[in-house]
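Worksheet for the structure shown next.
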Amino acid sequence: MPELPEVETTRRGIEPHVVGQPIQHVHVRQPMLRWPVTDGLAQALTGKVIRRVIRRAKYLLFETYDGRMMVHLGMSGSLRVLPREVAPEAHDHLDIVFANGTLLRYRDPRRFGSVFWLPGEESHVLLASLGPEPLDDGFDGEHLYRLAHRRKTAVKTFIMTNEIVVGVGNIYANEALFDAGISPVRQAGRISRDRYDALATAIKDVLSRAILAGGTTLRDFVREDGQPGYFRHDLRVYGRGGEDCVRCNTPLREVRVGQRSTVYCATCQR
DNA sequence: AGTTTAACCTGGGTGC
DNA sequence: TGCACCCAGGTTAAAC
């Protein structure tokens, strides 16, 4: 699923519903996710109050006054807010029921997501080596240009690497490279500083616009209220292989880069 | 150290 | 209809 805009859309949607209410009950139906949900999670959460929900990369962190829950939505995960009486369906792996009857429900058909409990002030090794947030001021063309030095990997793979910058998945990597006019297969170390400025700007722009549209729904992703995101209508290359480029009408080329489907305009993107 | 590859899992679509 | 095969918003660990 879920790249940064979808995770941020989820965060904004659920936070007002889950903050301040004591957790009454936690039900883990399927602990076998990307990593097993630990036995202690339900007990640790019960009785606690969520203070706020923050996002780091594609992780959601539900902060209590003593510890926090860390959730990743993987490829097909979603979190919805429902009344507690709604019966679970297939792939509804985790329920958190609050004292006021609100239910936070985690669904993930492919089970590539994960849920951890981090006690006290503990962090997690998966958060340790993440790069900057793309929407922060600390992320810019200079950052990309510096880290790309002498790298031979394709620039698309480069910007999808979490140690370089977080939150850029396959859809938005394709889109940002189109917007910046850069070929996805160009070696990362062979791009000028000016063009990295344009790429950083394009990444910020496409992610920001996608958040405003509530993210992109291809199949599984839904917002906290079950509604899809609408950025799909704004995609200019992703999913459009063989169709005409919106800028120059040349048929868009579709190739594989780093095992991921990649669409670009060989005329507009160099 | 940088880069590539296989693996985790289910479901939907396609072609025979 | 059925079956085999390919594809999908991610990420890690292991192999080159």
Side-chain angles (χ1 to χ4, degrees), chain A residues 1-11 29-37 55-60 70-79 89-93 106-116 124-131 134 146-176 184-190 203 206-207 209-211 213-223 228-235 237-242 254-263:
Chain A
M1 106 144 308
E3 304 184 36
L4 186 150
E6 291 74 35
V7 179
E8 179 62 21
T9 295
T10 298
R11 189 196 70 75
R29 273 182 217 89
Q30 170 57 278
M32 297 312 290
L33 307 181
R34 176 72 159 85
W35 285 279
V37 178
R55 181 189 56 73
R56 173 70 174 114
K58 295 170 188 165
Y59 292 98
L60 289 172
M70 175 170 132
V71 176
H72 196 290
L73 299 174
M75 286 279 262
S76 58
S78 62
L79 282 167
E89 296 175 22
H91 312 300
D92 287 341
H93 305 314
Y106 175 83
R107 172 180 295 182
D108 184 6
R110 293 181 71 182
R111 287 192 268 133
F112 286 176
S114 54
V115 181
F116 295 98
H124 195 284
V125 64
L126 293 173
L127 301 175
S129 55
L130 295 174
R146 183 165 41 81
L147 292 185
H149 187 62
R150 289 175 181 259
R151 290 227 192 193
K152 292 182 175 166
T153 190
V155 62
K156 176 163 177 270
T157 303
F158 178 67
I159 60 171
M160 290 177 69
T161 301
N162 283 329
E163 290 76 30
I164 305 301
V165 58
V166 300
V168 183
N170 198 36
I171 294 178
Y172 301 111
N174 277 291
E175 296 298 310
V185 298
R186 175 170 289 276
Q187 290 184 7
R190 302 199 55 184
I203 289 170
V206 72
L207 295 178
R209 288 188 294 117
I211 291 170
T216 301
T217 296
L218 298 178
R219 178 175 290 110
D220 300 293
F221 175 69
V222 289
R223 292 147 68 150
Y230 295 107
F231 197 70
R232 188 176 189 174
H233 307 295
D234 295 83
L235 299 176
V237 287
Y238 183 85
R240 297 192 62 242
E254 183 154 8
V255 297
R256 293 227 140 232
V257 176
Q259 304 174 311
R260 310 304 297 275
S261 118
T262 302
V263 186

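Every chain is numbered from 1 and lettered A, B, ... according to where its sequence line falls, protein lines coming before strand lines.
Following rounding to the nearest Å, A:R56 (CZ) and C:dT11 (P) show an atom-to-atom distance of 12 Å. Taking atom CE of A:M70 as the reference point, atom C1' of C:dG10 lies 13 Å away to the nearest angstrom. Rounded to whole angstrom, the span from the CG atom of A:N170 across to the P atom of C:dG10 amounts to 6 Å. Atoms CZ (A:R260) and C1' (C:dG10) sit 6 Å apart, rounded to a whole Å. In this structure, A:L127 atom CG and C:dT12 atom C1' are separated by 14 Å, rounded to whole Å. Separating the CH2 atom of A:W35 from the C1' atom of B:dC8 is a distance of 10 Å, rounded to the nearest angstrom. Nucleotide B:dT3 holds its P atom 12 Å from the NE2 atom of A:H149, rounded to whole Å. In this structure, CD of A:E254 is placed 10 Å from C1' of C:dC7, rounded to the nearest angstrom.
Using a 4.0 Å cut-off, some side-chain N or O of A:H91 falls inside it from OP1 or OP2 of B:dG11. Proximity of A:S76 to the phosphate of B:dT10: no side-chain N or O atom is located under 4.0 Å from OP1 or OP2. For C:dG10, the OP1/OP2 oxygens have a side-chain nitrogen or oxygen of A:K58 closer than 4.0 Å.
When atom types are taken as modelled, the side chain of A:R29 and the backbone of A:D92 share a donor-acceptor pair closer than 3.5 angstrom. A donor-acceptor pair under 3.5 Å is absent between the side-chain atoms of A:S78 and the main chain of A:F221, judged by distance alone. Side-chain N or O atoms of A:E3 include one that pairs as donor or acceptor with a backbone N or O of A:I171 at under 3.5 Å. With hydrogens and angles disregarded, no donor-acceptor distance shorter than 3.5 Å links the side chain of A:Q187 to the backbone of A:R151. In this structure a side-chain-to-backbone donor-acceptor pair under 3.5 Å is present from A:N170 to A:S261. Panel note: side chain A:E254, backbone A:G242; no donor-acceptor pair is recorded below 3.5 Å.
If you find the closest nucleotide of DNA chain C to A:Q259 and to A:R256, the one lying nearer the 5' end belongs to A:R256. Looking at which nucleotide of DNA chain B each of A:P109 and A:G258 is closest to, the 5′-most match is held by A:G258. Mapped onto DNA chain C by nearest heavy atom, A:L126 and A:R110 fall at different nucleotides, with A:R110 at the one closer to the 5' end. Both A:R150 and A:R219 sit near DNA chain B, but only A:R150 has its closest nucleotide nearer the 5' end.
Here A:Y172 lies out of heavy-atom contact (under 4.0 Å) with every strand. Within the nucleic acid shown, A:R34 comes within 4.0 Å of at least one base atom, counting heavy atoms only. Nucleic acid contact class of A:T157 (heavy atoms, under 4.0 Å, all strands): none. Within the nucleic acid shown, A:R232 has no heavy atom closer than 4.0 Å to any nucleic acid atom. Residue A:N162 is classed as a sugar-phosphate contact, given heavy-atom separations below 4.0 Å to backbone atoms only. A:T153 comes within contact range of the sugar-phosphate backbone alone, with a heavy-atom separation under 4.0 Å but no base atom that close.
Ring orientation note: the planes of A:Y59 and A:H72 are nearly perpendicular, at an angle over 60° on the 30°/60° scale. Aromatic ring orientation, A:H233 versus A:Y230: parallel (interplanar angle below 30°, classes split at 30° and 60°).
Looking at A:R111, its side chain has no donor and acceptor atom pair within 3.5 Å of the base of B:dC9.
Stacking of A:F112 onto the six-membered ring of C:dT11 is not present when judged by under 5.5 angstrom between centres and under 30° between planes.
Rounded to whole Å, the P atom of C:dC6 lies 14 Å from the corresponding atom of B:dA6.
Closest approach of A:Y172 to A:T216, counting heavy atoms only: OH-OG1, 2.7 Å.
Listed by first residue number, the stems of DNA chain B with at least three Watson-Crick or G-U pairs below 3.5 Å are B:2-8 with C:10-16, B:10-16 with C:2-8.
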